[in-house]
Amino acid sequence: MTFLPKPKLHHPELPTNAIGLTRRDYEGAISTLCAGCGHDSISAAIIRACFELALPPHRIAKLSGIGCSSKTPTYFLGQAHGFNSVHGRMPSVLTGANLANRDLIYLGVSGDGDSASIGLGQFAHALRRGVNMVYVVENNGVYGLTKGQFSATSDRGSKSKKGAVNADSPIDLAGLALELGASFVARSFSGDREQLVSLLKAALLHPGAAIIDCISPCVAFNNHAGSTKSYDYVRHHNEAVNRIEVITGREPIAVDYAPGTTVAVTQHDGTVLRLRKLAADYDIEDRSAAINFLESRRREGEIATGLLYVEPGAEDLHTHLGTLETPLNALDEAALCPGADALAAINAALR
Amino acid sequence: MPQPLASVNDFVVKFANVNGSGSASANRLFARAIQRMGIPATPRNIFPSNIQGLPTWYEVRVSEAGHLGARGGVDLMVAMNPQTWDQDVAAIDAGGYLFFDSTRPIPRSRLREDITLLGLPLTEICNRAYADPRERQLFKNIIYIGALAALLELEIPVVETLLAEQFKGKEKLIAANLHALHLGRDEARAHLPCPIGLTLRRSDGVGDRIFIDGNSAAALGAVYGGATVAAWYPITPSTSVAEAFERYCRRTRIDPATGKNRFAIVQAEDELAAIGMVIGAAWNGARAFTATSGPGISLMQEFLGLAYFAEIPAVIFDVQRGGPSTGMPTRTQQADVLLCAYASHGDTKHVLLFPQDPAESFAFGATAFDLAERLQTPVFVMLDLDIGMNERLCAPFAWDPARRYDRGKVMGFDELESGRDFGRYLDLDEDGIPWRTYPGAHPTRGAFFTRGSSKDRYARYTEAGAAYADNMQRLALKFETARGLVPRPLRHDAPEGSRLGVIYYGSTSPAMDEAADLLAARGTAVDRLRIRAFPFHDDVVAFIREHETVFVVEQNRDAQLRSLLLIEAEIDPARLKRVLHYDGTPITARFIAEAIAEHVALSRIAPLRKATP
Ligand SMILES: Cc1ncc(C[n+]2csc(CCOP(=O)(O)OP(=O)(O)O)c2C)c(N)n1
Ligand code: SF4
Ligand SMILES: [Mg+2]
């Protein structure tokens, strides 16, 4: 593997965003993943979402576990600090980082092995704590980096490249996230760039725990006939519940959908998520309906994608803990050390 | 019958109770009252892994000389637990005393001839005085304190004052407690030979010392040390570190303007998550810690390797207990030394601090954060149950108002903006310690990728052998730098010196100090070196070189600190003799003195000087 620095020559005609950056400013090192790997499409979508939202790249912290998927933070947002932690434990590292500085945007990237197998516990607890983050699972139903073993999201009956059939029931990370109390739950497909970018944008603006379970085919080990996470299979079984448009304060609200098919969700920080409903009667704010819906789609052999659930009044871990608005990592001795006089009083009370 | 023991301000009282019977606060009252008379007294709680019903003991070492370790032996047993009667009676030193409830007659076969029997019909007294069964149980404890006061000449007004402080504002409770106290005193005076040979005399031996448990002290150290993020998972005997941190934070860390917290405490789902959060927070520039015990450290292994290799500060309070596995969760040991020193896979080494008491738990608890950030590596504060969960008299906490946190080598916006070369793993100062940046510091400079895999000096992934080796050598150099930064060992030589040296650490220290006195009285002088940190200071090697025989006294089976010395200082194993105590009870002065004396006798090492007459 070689790491050639990409020439950062700016094309004069490249469009800039609201903070004057071009899309190139959101890129990272050249990917070393297999050509055609779904994970690279997700990296591209992250780059586009951050560019379009005009987020300052250095104010994003990208964290990951271990796996092909977890390598990807090197390949986007080169000006952001990244942390490739240990297998299955990204959520705890991200939680700690978030506690230290609530002013950054936290982007966690993981794989299905990373999140559904070794890291299922941390996945669950970070979501139920409401850590303000975007948690992307690049879900290929297989362990890519260790060469093709089944992961815990592999569907029952799906066939490995070597022909083995998976007998275990799969973990549906989106369904689980709903049960666990995540306040933003979405599923997408790395092959559906438009949907993924808009979901990422919505997730980045969501002030709570946002999870995107993104099907991301592994061309090396899980893209064959008999796999339920291949490009072909997902294209044929993808059922999108909605299309989403993210409206921040700056932009005028453009209503271009037929009445009755749209729904607007205003989050408590003022951002508006405007959704074009594709499935009739799907209530985006009803957690139990979302759980039932996922189950009914699964029975039909369909993969429901889109924004499955959002809790408009979502709060995050800092709200629950009552932490100061100032990031904890910005506090100095004066704010933290009670001082010698206070200690003298403590001593006196211990005599 | 041997001569009954006689001593002023120098004896051991042990209470045998049933867990959950409310005895703990009465026994504590007894110890506090002795301290308030100015006499050094140290309690030790010996308790089961149980909420109610199993036996517990509470031992109070009274020592005018200020010995705060366990001495060994029992001079007065307060036997309140029928379940453990036989073993409690057997534990009394010849000539000692047995205080017990004589309501029901006890067969002679279950008593001893060589001790003084002090029976008082406590149950009968209680039944006469109280109708409510709960009151009978609770006040029975205070009644025996009253009786002990009469037997030992503990000043009753001191106990009265303590009760008044304890139940301030609840006048009824104060009156009821005083009544019970007086009842016990009067019954003892009427029916027992008061005072016995063991007596208390007002003294000025306590001075300005404070009385606190090591876990609370460590937590306060973390508050003073500027910790803002704490992540933990409950485990005896460390739980009270996190609880005390929260308590002190609520008192001292609420932002006055907003009422918001200048701290964040998360009870994690397990110890893996706890250390992960600590690492994430520290990576992001907050001071963070976790508190745990051996099983938790075992779970943290992979992360500790990451923190070592990726160079992230982390502070871990390890309150050691009896292992392996669940072992003896409510008993004490120093058995995580090797586990922590070499925690994780691959070549790793970690900084360990060994506080001897609450005062050092506070001091090291604060210093650990400076060291962790200066060295960008995990730092372990090695308490144990004996220090952590027992209140102990110790020097008052001290804080220099001029002290500033050492945040280590961090390049901020200005330095990055000025164009200073930033490479995360460059050794600019040739001390093995690189510079770091916090996430979000600068729009275009200073970002890097933190990873547990091999990298070059600019934090770029590489599998090149030379770059890997270069990094590992720098980490070794950094550990050398640590040697000069950690607390130095403290040496106490015998007045005329000795060819015998003793090395010890942590909770063994007060017992060792008393053991040295016991040995000196028998004509064996020893020089002592108390190790306070790993990596070992050069003084440790010098001390070993200067002594013909060196005893390494510790509380584990496998002589773990001795092993660490052999490995790290390349010492001839024959030079280091093991003195090991690992049954879960705190090591005692008598045990150490006995072990060393026996060794000396066996190896015919001539004592250096005669016993002082
Ligand atoms: C503790 C530990 N066990 C095992 C491994 C080996 N390992 C590396 S990646 C991986 C699986 C990754 O699968 P997934 O998260 O699905 O990522 P993908 O490569 O498929 O994107 C495993 C088992 C490891 N790095 N650490
Ligand atoms: S092995 Fe699979 S997951 Fe890994 S890079 Fe190749 S295609 Fe992607
Ligand atoms: Mg995978």
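Letters go in sequence order (proteins before strands), and every chain restarts at 1.
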Quiz item: In terms of side-chain geometry, is the basic nitrogen of A/Arg128 or B/Glu269 positioned less than 4.0 Å from the acidic oxygen of its partner?
Solution: no

Keeping the roles fixed (side chain from [X], backbone from [Y]), state whether a donor-acceptor pair exists under 3.5 Å.
X	Y	value
B/Tyr224	A/Leu336	no
A/Asn347	B/Ile210	no
A/Arg351	B/Pro396	no
B/Asn284	A/Ala100	no

Between [X] and [Y], is any pair of side-chain heavy atoms under 4.5 Å apart?
X	Y	value
B/Met277	A/Val93	no
A/Ser92	B/Phe303	yes
B/Phe263	A/Leu331	no

Quiz item: Is chain B contacted by the side chain of A/Ala80, its backbone, both, or neither, given a heavy-atom distance below 4.5 Å?
Solution: backbone

Quiz item: What residue, out of A/Pro56, A/Pro57, A/Ser64, A/Pro73, has the most heavy-atom pairs lying under 4.5 Å from chain B?
Solution: A/Pro73

Quiz item: Going by the angle between their ring planes, with limits at 30° and 60°, are B/Trp283 and A/His81 parallel, tilted or perpendicular?
Solution: perpendicular

Exercise. May I ask you to name which of B/Arg404, B/Arg407, B/Arg262, B/Arg403 has the most heavy-atom pairs under 4.5 Å with chain A?
Key: B/Arg262

